[in-house]
Structure formats: structure tokens, C-alpha cells
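These notes are about the structure you will find just below.
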Amino acid sequence: MEKTDAQKIRLGLFVIIGSLFFLAAIYFVGNKQNMFGNTSNLKAVFVNVSGLQVGNNVRYAGIDIGTVKSIEMINDTTINVAMSIEDKMLTHIKKDAIATIGSDGLVGNMIVNIIPGKGNAQAVVAGDVLQSYSRASTDEMLKTLDVTNKNAALLTADLLKITNEINQGKGTVGVLLKDSLMSKDLKETMHGTAESVANLNKMILSLNQEDNVIGLLKDNDVALKMKNIITNLEKSSGEIDKVVTNLNATVVNIKDGKGALNYLSNDENLVKKIDSTMTNLNDASTKLNENLEALKHNFLFRGYFRKQAKEKAKEEKN
């Protein structure tokens, strides 16, 4: 059965519309993958790409600027990721920018985020290798969180055990909290300590008064006087040192047989003469006293001595 013209027209329209949709899809997909624009390659080296795939987006400051072109495993700790970046965005990316791998939302595809640098570095050129930073993956965070939860559970159990023992009055803390006598003694001790501190503060305040030693020492006039006294004492000490030095020299001279004193003390004949003279003087003084006593009792001089005694007594009364 031959097709009618209407059927042929509908078939042609369907083919044309389908072709237009196919071309539009190719255009949008290619535009998204930067297949029709001018692009340049940038690289970054990671330890773990965390599921990153070829064709995933590359973002700079939150803006899609390219796609992942290739992922090459260099060794067990080095993975080279090549990125296709729009040429017009290269002037905005600096050499101190940092490339990281993250997810597009909570459960989205993995993407490469390029974080702008903080310095004034030059713009990148095609083929440059960006600094990279590997963030902790979701699995690693979950493992760390699991360990943290287990530690928190153990800590909670220990705290619960300690709290129960304290409530039962066990241990030092439990005794302190449950023993009323100890609590009373501690309260009295704290009260006494507070009074002691208050008294100590009063004592410290009283030390600043001028009517005590500390206050007197703080007086500038007293300090100046004490300084003058100390200066005079230092001068006197120097003079005393000179006198002691001279005295030592004199003693040395005496020991060495120099000077009149040594002559007087070491000449035996002179010493004997001096002793004889002193003996005679003592004898003469004794005889003179005896003669004066005899004159007092003599009738010729008795009146004179009595008159002298009355005048002396009169002077003593006045």
C-alpha cells in the first residue's frame, strides 16, 4: 500500500524536528563540556580523588569554568588531574590558587573547586600545576565520628560510675559532699580564713600610716635624713679607719723600739729611777699629811683651822 502525501509530509516533519532536537542536545552538552569554546589545560596533583570522574565540573569561586579532562594515576600516592579551563577565566586565576575536591551538594557528583589565593601572585598560564589540598572524605569523617561516639559512650559510662559513687558517699569527693561534720568544719575554716584575710588587710592598711615604722620610712624627709646619716657614718668610718691605721703604725713603732714611749718603757735604769721618785713622793705626801694633822691640834694654829671649818660649813649651807 502506497503512502499518501500527508503521511510523507508527517514523516518528514518528524525527521526534521527530531534532528533539531538532536542537534540542540549536542550543542547544550558540548557547551557544558566546553567542546565549542577556547580552552586551556591546568593540572593539579592529589593523593585521593574521592570518586572524581572525567567530565565532572571545575568551579572557581562557585562559578563553573571548565571540566575534568583526564585523571592519571602516577603512583600509589600521586594522581594527576588535568582540567580544561575556559581561556577567558585564566586571567582571574592566580598562581597561588588552591585546588580541592568536593561534592556538588550533599549527594551530588564530585567536582574540583579552585579556591582563590590571598596574595598578589601572577595569573596562571596554560599547563600550570595548581597547589592542591585533599579534604577528608565522607568515609573518613564517618569513621572519625564513629570513634568519637565510642569514646563519648565510654566517657559517659565512666562519668555515670563516678557520679554514683559520689552520691553513695564513696571517695574523697563523696565524703566531702555527704559528711555534714566535715562540711561544718570546712565552713568554719573558710570563715576563719576570711576573718584572717580581713585582719591582714587592715594590718597592711595600717602600715601605710605615718605613725608607724613603715609609714615613717615612706616619708621623704625621713628618708633624706637617713641618707645623710648613712653618708656621715661612711665618712666617720673612713676617719676611724685612718686612726686605726695610725694606731697600728704607732704600735709597730713601739714594738720595733722607736719613739720615746719605747725608751721610757724599755730602759731599766730610767724605770727604776721613776719608781724611786714615785716612792719618795708618796712618802713625802704621807709625812706632809701627818704634819698638817699635827698643826690642826697645835694651840697656835687651832683657831685658824676652826675658822676655816666654819667658813666652809657656811658656804655649804648657802
Quiz item: In chain order, what residues pass the side-chain hydrogen bond (donor to acceptor under 3.5 Å, both in side chains) check against Asn75, with sequence neighbours excluded?
Solution: Thr77, Thr78
Quiz prompt | Heavy-atom pair of closest approach, residues Phe46 and Tyr133 | solution = CE2-O, 4.3 Å
Practice problem: Output yes when a side-chain donor or acceptor of Asp128 lies under 3.5 Å from a complementary backbone atom of Val124, and no otherwise. | Solution: no
Quiz item: Looking only at heavy atoms, which two atoms of Gln131 and Lys95 are closest? And how far apart?
Solution: NE2-O, 4.1 Å
Practice problem: Using a 4.5 Å cut-off on heavy atoms from C-beta on, say whether the side chain of Ile71 contacts that of Ile79. | Solution: yes
Exercise. Taking side-chain hydrogen bond (donor to acceptor under 3.5 Å, both in side chains) as the test, write out the residues that go with Asp96, two or more places apart.
Key: none
Quiz item: Do Asn56 and Val54 have side-chain heavy atoms sitting under 4.5 Å apart?
Solution: no
Self-check item: Shortest non-hydrogen contact between Ser103 and Met110, atoms and distance
Solution: CB-SD, 3.9 Å
Quiz item: Which value, rounded to the nearest 0.5 Å, describes the distance between His92 atom NE2 and Ile63 atom CD1?
Solution: 8.5 Å
Quiz item: With a 4.5 Å limit on heavy-atom distance, are the side chains of Asp104 and Arg59 in contact?
Solution: yes
Quiz item: Could you walk me through whether Leu90 and Leu42 pass the side chain to side chain contact (heavy atoms under 4.5 Å, CB included) check?
Solution: CA-CA 9 Å; Leu90 293 180; Leu42 292 179; 4.0 Å; yes
Quiz item: Say you draw a straight line from CD1 of Ile115 to CD1 of Ile93; how long is it, rounded to the nearest 0.5 Å?
Solution: 12.5 Å
Exercise. Kindly compute the distance separating NZ (Lys94) from CD (Gln122), expressed to the nearest 0.5 Å.
Key: 9.0 Å
Self-check item: Flag side-chain contact, heavy atom, 4.5 Å: Asn80 against Lys43
Solution: yes
Quiz item: side chain to side chain contact (heavy atoms under 4.5 Å, CB included) between Asp158 and Thr156: does it pass, once the steps are laid out?
Solution: CA-CA 5 Å; Asp158 292 338; Thr156 303; over 6 Å; no
Self-check item: Connected via hydrophobic side-chain network under 4.5 Å: Met73 and Val112
Solution: yes
Quiz item: Is the shortest heavy-atom distance from the side chain of Leu52 to the side chain of Val68 under 4.5 Å?
Solution: yes
Exercise. Give a yes or no answer on whether the side chain of Tyr60 reaches the backbone of Gly66 with a donor-acceptor pair at less than 3.5 Å.
Key: no
Exercise. Using the side-chain hydrogen bond (donor to acceptor under 3.5 Å, both in side chains) rule, take Ser84 and Thr67 through it: C-alpha gap first, then chi angles, then the decisive distance, then the call.
Key: CA-CA 5 Å; Ser84 178; Thr67 57; 4.9 Å; no
Quiz prompt | Value rounded to 0.5 Å, distance of CG in Asn41 from OG1 in Thr39 | solution = 6.5 Å
Practice problem: Decide whether Ile111 and Val47 are clustered together by the hydrophobic rule: side chain heavy atoms of Ile, Leu, Val, Met, Phe, Trp, Tyr closer than 4.5 Å, transitively. | Solution: no
Exercise. Run the numbers on Leu130 and Ile114 for side chain to side chain contact (heavy atoms under 4.5 Å, CB included), then give the verdict.
Key: CA-CA 9 Å; Leu130 298 180; Ile114 299 177; 3.9 Å; yes
Quiz item: More than 12 foreign heavy atoms under 6.0 Å from CD of Glu311: is that the case here?
Solution: yes
Practice problem: Give the C-alpha distance, both sets of side-chain angles, the deciding distance and a yes or no for side chain to side chain contact (heavy atoms under 4.5 Å, CB included) between Asp146 and Lys150. | Solution: CA-CA 6 Å; Asp146 182 59; Lys150 291 181 180 179; 3.4 Å; yes
Quiz prompt | Side-chain heavy atoms of Asn149 within contact of Val147, under 4.5 Å | solution = no
Quiz item: At what distance, to the nearest 0.5 angstrom, does CD1 of Ile98 lie from NZ of Lys118?
Solution: 8.5 Å
Quiz item: Sub-3.5 Å donor-acceptor pair from the side chain of Ser132 to the main-chain atoms of Val45, do we have one?
Solution: yes
Practice problem: Take atom CG of Asn151 as the centre, draw a 6.0 Å sphere, and report whether it contains more than 12 heavy atoms from other residues, nucleotides or ligands. | Solution: yes
Quiz item: Do Ser40 and Ile85 come close enough that some side-chain heavy atom pair is under 4.5 Å?
Solution: no
